[in-house]
Chemist: 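One structure follows; several queries about it will come next.
Residue numbers begin at 1 in each chain, while the letters A, B, ... track the order of the sequences.
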Number of protein chains: 2
Amino acid sequence: MDREFLKKLLSGDKLTTTRAITAVENETPSGKGILRSIYPHTGKAYRIGMTGPPGAGKSTIVNKLAHRYRQRGLRVGIIAVDPTSPYTGGALLGDRIRMTDVELDEGVFFRSMASRGSAGGLSRKAAEAADVLDAAGKEIILLETVGVGQSELDIAAAADTTVVVLVPESGDSIQAMKAGLMEIADVFVLNKSDRAGADQAVTAIKTILHFKSQQDGWNPDVVKAVASEGKGIDELTAIIDRHRKYQEETGRLREKRVQRIVNRIRELIGDRLRVDFWNEQRMQQMKEQVRRVIDRQLTPYDVVEELLEEFRDN
Amino acid sequence: MDREFLKKLLSGDKLTTTRAITAVENETPSGKGILRSIYPHTGKAYRIGMTGPPGAGKSTIVNKLAHRYRQRGLRVGIIAVDPTSPYTGGALLGDRIRMTDVELDEGVFFRSMASRGSAGGLSRKAAEAADVLDAAGKEIILLETVGVGQSELDIAAAADTTVVVLVPESGDSIQAMKAGLMEIADVFVLNKSDRAGADQAVTAIKTILHFKSQQDGWNPDVVKAVASEGKGIDELTAIIDRHRKYQEETGRLREKRVQRIVNRIRELIGDRLRVDFWNEQRMQQMKEQVRRVIDRQLTPYDVVEELLEEFRDN
C-alpha cells in the first residue's frame with residue numbers, strides 16, 4: 001500500500017477512510033494490503049455492538065450514543081450492517097435519513113454496509129471496516145445490525161460490549177430470539193418504554209436473565225429508554241462504561257480480543273484452504289463425479305475421499 | 001453398519017429410523033456409516049421446506065399437509081428444525097403438543113431437532129435426517145423451520161419446493177426478511193387470512209413478486225389460508241403438485257439436486273480440511289503466536305501465511 005495513503009488514513013482523513021473501507025468491502029487486493037498495513041495501528045478503539053429486532057429503534061440509540069461520546073470529545077465511527085438484500089430499499093432509505101443527523105458532526109464517521117450475499121461474510125467485512133476506523137483514530141466504534149439469527153451472533157463476536165435493544169411489543173419475535181439474545185447481551189435496552197407493557201417486558205427479561213449462567217461474572221442489566229426523547233441514554237452510557245471498566249480490570253477484554261484474533265485466523269485459514277483446494281481442475285473433477293452421485297452409482301462420501309486423497313498426494 | 005439394521009431401516013421400521021436419526025444428529029461414527037450406507041437408497045422422496053416468522057402457523061400447515069398426503073396413501077416424514085436454543089423450552093413444548101396430533105397416524109414420522117449450536121450445522125443435520133427418512137421409504141418429507149436469517153436459506157437449499165408462510169400482522173419482521181424470502185419462496189401462504197389486513201398483505205407480496213427476476217421461469221403464487229380451519233390447504237397442495245411437475249418436466253428438479261450434492265461435497269471437504277489442518281500441534285502453534293498478534297508485533301495475516309506454509313510442506 002501507498003505510504004502516503006497509509007499516512008492519510010492514520011491521520012483520520014475522511015475521504016481516505018471511505019476509500020479504504022470500500023476496498024476492504026470489495027475484497028480487492030489493495031483492500032487486503034490495507035488490512036495488513038493498518039493492523040499494527042489497531043486495538044485502541046472500544047467496539048460497541050447494537051442489535052435487536054427491526055423497528056426497535058437501534059439507529060436512534062446509536063445516534064444518541066454517538067452524540068454523548070462526541071460530547072466527551074471522543075472520535076466516533078458507526079458501521080450499520082444490513083443483512084437483508086437491498087432489494088426493497090427500505091433499510092437503505094432508513095440509513096440515508098439518519099446520515100443527515102450524524103453528518104452534522106464531522107467527528108462522526110458513518111458507513112452502512114448491505115449485501116445480497118451471506119450474512120457471515122458481511123459481518124466479517126464489518127469487523128474489518130471497524131479495523132479501518134480503529135486505525136483511522138476513532139476511539140468509539142458502534143456496530144449496528146438487525147437481529148436476525150446469525151448476524152447478531154457475529155456482531156456480538158466483533159464487539160467489546162453488546163447492547164440488545166428490545167421494545168414492549170416485540171413479543172413473538174423476542175420469544176424466538178430470546179435464548180440467543182440472552183447469551184450475547186451485556187446490556188439490554190427496553191426502548192419505547194413509554195408504551196404499554198414496558199414493565200412486564202422488563203420483568204420478563206429479568207426473569208430469564210435470572211436463569212442465565214453467569215459464566216463471566218457480569219450481570220447484564222436492563223435499561224428503560226425512550227431514545228427518541230433522549231431518555232435512558234445517560235444510564236446506558238454509564239452501564240457501558242462500567243462494563244468496559246469491569247472487563248479491563250478482570251482481563252476479560254483482553255481474553256475476548258484474543259478469542260477474536262483466533263477466530264479471524266481460523267476464518268482466514270478456512271478461506272485459503274478452500275481456494276487452494278477448489279482449483280479449476282478439482283472443481284471439474286468433482287462436477288463429473290456428481291452426475292454419478294445423483295444416479296446413485298457413487299456416494300458424496302466416496303467423492304470426498306477421492307478428492308482429498310488426490311489433494312494430499314500433491 | 002449392521003446389515004440387519006440397514007434392512008430394518010429400509011423397511012421403514014420406526015424405532016430403527018429414530019435410532020438412525022439420533023446417530024446422525026450426534027455425529028457418531030455409526031451415524032456417518034449410516035449416511036454412507038443409505039445413500040444409494042435415497043433420492044426418491046420429495047422434500048418440501050416450510051419457513052416463516054414465529055407464530056405464523058407453520059406447524060398447523062405442515063400437519064394439514066401431512067394429513068392430505070396420507071389421504072393419498074403416501075408415507076410422510078416431518079422434520080421440525082428449531083434454530084433457537086432449547087433454553088426457554090417454548091418451541092419444544094409446541095412440538096410436543098403437535099406430536100399427539102400427527103402421532104395418531106402411524107404413517108407419519110415426526111422428529112424435532114433443536115440446538116444451542118450453530119444454525120448452519122443444524123440445517124445440515126436436518127438434511128441428513130431427511131436422507132434417513134428418504135431411505136426409510138417416506139415419499140414426502142416436510143422440513144419446517146422458523147425464518148430467522150440463515151436457517152430459512154438453508155432449509156430452502158435442502159428442499160425441492162419451498163413454502164413461505166406469512167400472516168397479515170407480520171408487518172415489520174416481514175419487511176426485514178422480505179427480500180430474502182422473495183428469493184427462496186416457490187409458494188407463499190398468507191395464513192390467518194380471516195384477520196384484518198389480509199388483502200393488503202397479499203397485494204403487497206404480489207407487488208414485490210412482480211419485481212422479482214424470474215430466473216427459473218416459475219411464478220410464485222400467493223395462497224390465502226386459515227390453516228386451523230383447513231382452509232387453503234387444497235389449494236396449497238395443488239400448487240406444490242404443479243411446482244413439482246413443472247420442475248420435473250423442465251429438468252429443474254435434477255438441476256437443484258445436483259446443486260445440493262455439490263454443496264454437500266463442498267461442506268464435507270471444508271470440514272475435513274479444517275480437521276486435518278487444526279491438529280493439536282498447529283493449534284498450539286497458533287495460540288502461541290496470538291499473544292504476539294494482540295500485542296501488535298505480528299499481524300493475523302503473518303500467522304496465517306506461516307501456518308499455511310508449514311501445512312503445505314508436510
Side-chain angles (χ1 to χ4, degrees), chain A residues 32 35-36 39-43 53-55 83-88 90-91 116 118-120 146 148-151 172-173 175-180 182-183 208 211 254 257-258 261-262 264-266 268-270 272-274 277-278 286-287 290-291 293-294 296 299-301 303-304 307-308, chain B residues 32 35-36 39-43 53-55 83-88 90-91 116 118-120 146 148-151 172-173 175-180 182-183 208 211 254 257-258 261-262 264-266 268-270 272-274 277-278 286-287 290-291 293-294 296 299-301 303-304 307-308:
Chain A
K32 285 174 193 172
L35 288 173
R36 204 178 279 257
Y39 190 79
H41 308 280
T42 60
T84 62
S85 124
Y87 210 125
T88 57
R116 293 175 67 94
S118 76
V146 64
V148 282
Q150 192 55 39
S151 58
D172 270 0
S173 56
Q175 189 65 29
M177 293 191 283
K178 204 155 29 185
M182 289 296 144
E183 279 157 35
I208 298 165
F211 291 106
R254 187 179 161 97
R257 290 179 171 186
V258 162
I261 293 167
V262 167
R264 170 148 346 171
I265 290 173
R266 294 189 64 128
L268 288 167
I269 294 271
R272 288 285 295 273
L273 288 175
R274 206 177 307 125
F277 188 91
W278 293 111
M286 188 260 281
K287 279 184 182 158
V290 165
R291 268 179 267 161
V293 174
I294 196 160
R296 265 67 192 172
T299 79
Y301 313 96
V303 178
V304 165
L307 290 170
L308 278 173
Chain B
K32 284 175 196 171
L35 288 174
R36 204 179 278 257
Y39 190 80
H41 308 280
T42 60
T84 62
S85 123
Y87 212 128
T88 57
R116 292 174 67 92
S118 76
V146 64
V148 282
Q150 192 55 39
S151 58
D172 271 359
S173 55
Q175 190 64 29
M177 294 191 283
K178 202 154 32 185
M182 290 294 145
E183 279 157 34
I208 298 165
F211 292 106
R254 189 180 158 95
R257 290 178 172 188
V258 162
I261 294 167
V262 167
R264 172 151 341 174
I265 290 173
R266 293 189 64 128
L268 289 167
I269 294 270
R272 288 286 294 274
L273 288 176
R274 205 176 309 125
F277 189 90
W278 292 111
M286 188 260 282
K287 279 182 182 158
V290 164
R291 267 179 269 161
V293 174
I294 196 161
R296 265 66 193 175
T299 78
Y301 313 97
V303 178
V304 165
L307 290 170
L308 278 172

Chemist: Of the non-hydrogen atoms in B:Arg36 and A:Thr299, which two are nearest, and what is the gap between them?
Modeler: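 Closest pair (atom of B:Arg36, atom of A:Thr299, distance): O-CG2, 3.9 Å.
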Chemist: If you count heavy-atom pairs within less than 4.5 Å of chain A, which of B:Val262, B:Val258, B:Ile294 leads?
Modeler: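 Sorted descending by pairs with chain A, the first entry is B:Ile294.
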Chemist: Quick one: which of A:Lys32, A:Arg291, A:Lys287, A:Arg254 has the most heavy-atom pairs under 4.5 Å with chain B, could you say?
Modeler: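 Highest number of pairs under 4.5 Å: A:Arg254.
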Chemist: Does any heavy atom of chain A fall under 4.5 Å from the side chain of B:Val303, the backbone, both, or neither of them?
Modeler: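 Only the side chain of B:Val303 comes within 4.5 Å of chain A.
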Chemist: Do B:Met286 and B:Trp278 have side chains that approach each other closer than 4.5 Å (heavy atoms only, starting at C-beta)?
Modeler: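 Of all side-chain heavy-atom pairs linking B:Trp278 with B:Met286, at least one is under 4.5 Å.
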Chemist: Less than 4.5 Å to any heavy atom of chain A: does that hold for the side chain of B:Leu273, its backbone, both, or neither?
Modeler: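 Its backbone and side chain both get close to chain A.
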Chemist: I'd like to know whether CZ of A:Arg296 has more than 12 heavy-atom contacts from other residues, nucleotides or ligands below 6.0 angstrom.
Modeler: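 It does: A:Arg296 CZ has more than 12 such atoms within range.
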Chemist: At a heavy-atom distance under 4.5 Å, which candidate from B:Ile269, B:Leu308, B:Leu268 has the highest pair count against chain A?
Modeler: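 Result: the option with the highest number of such pairs is B:Ile269.
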Chemist: Looking at B:Arg274 and A:Arg266, would you say the former's side chain and the latter's main chain have a donor-acceptor pair under 3.5 Å?
Modeler: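 Not at all, since once roles are kept as given, no pair shorter than 3.5 Å links the two residues.
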Chemist: Is it the side chain or the backbone of A:Arg264 that comes within 4.5 Å of chain B heavy atoms, both, or neither?
Modeler: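 Interface part for A:Arg264: side chain.
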Chemist: If I measure from the heavy atoms of chain B, does A:Leu307 come under 4.5 Å with its side chain, its backbone, both, or neither?
Modeler: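 For A:Leu307, side-chain heavy atoms alone lie under 4.5 Å from chain B.
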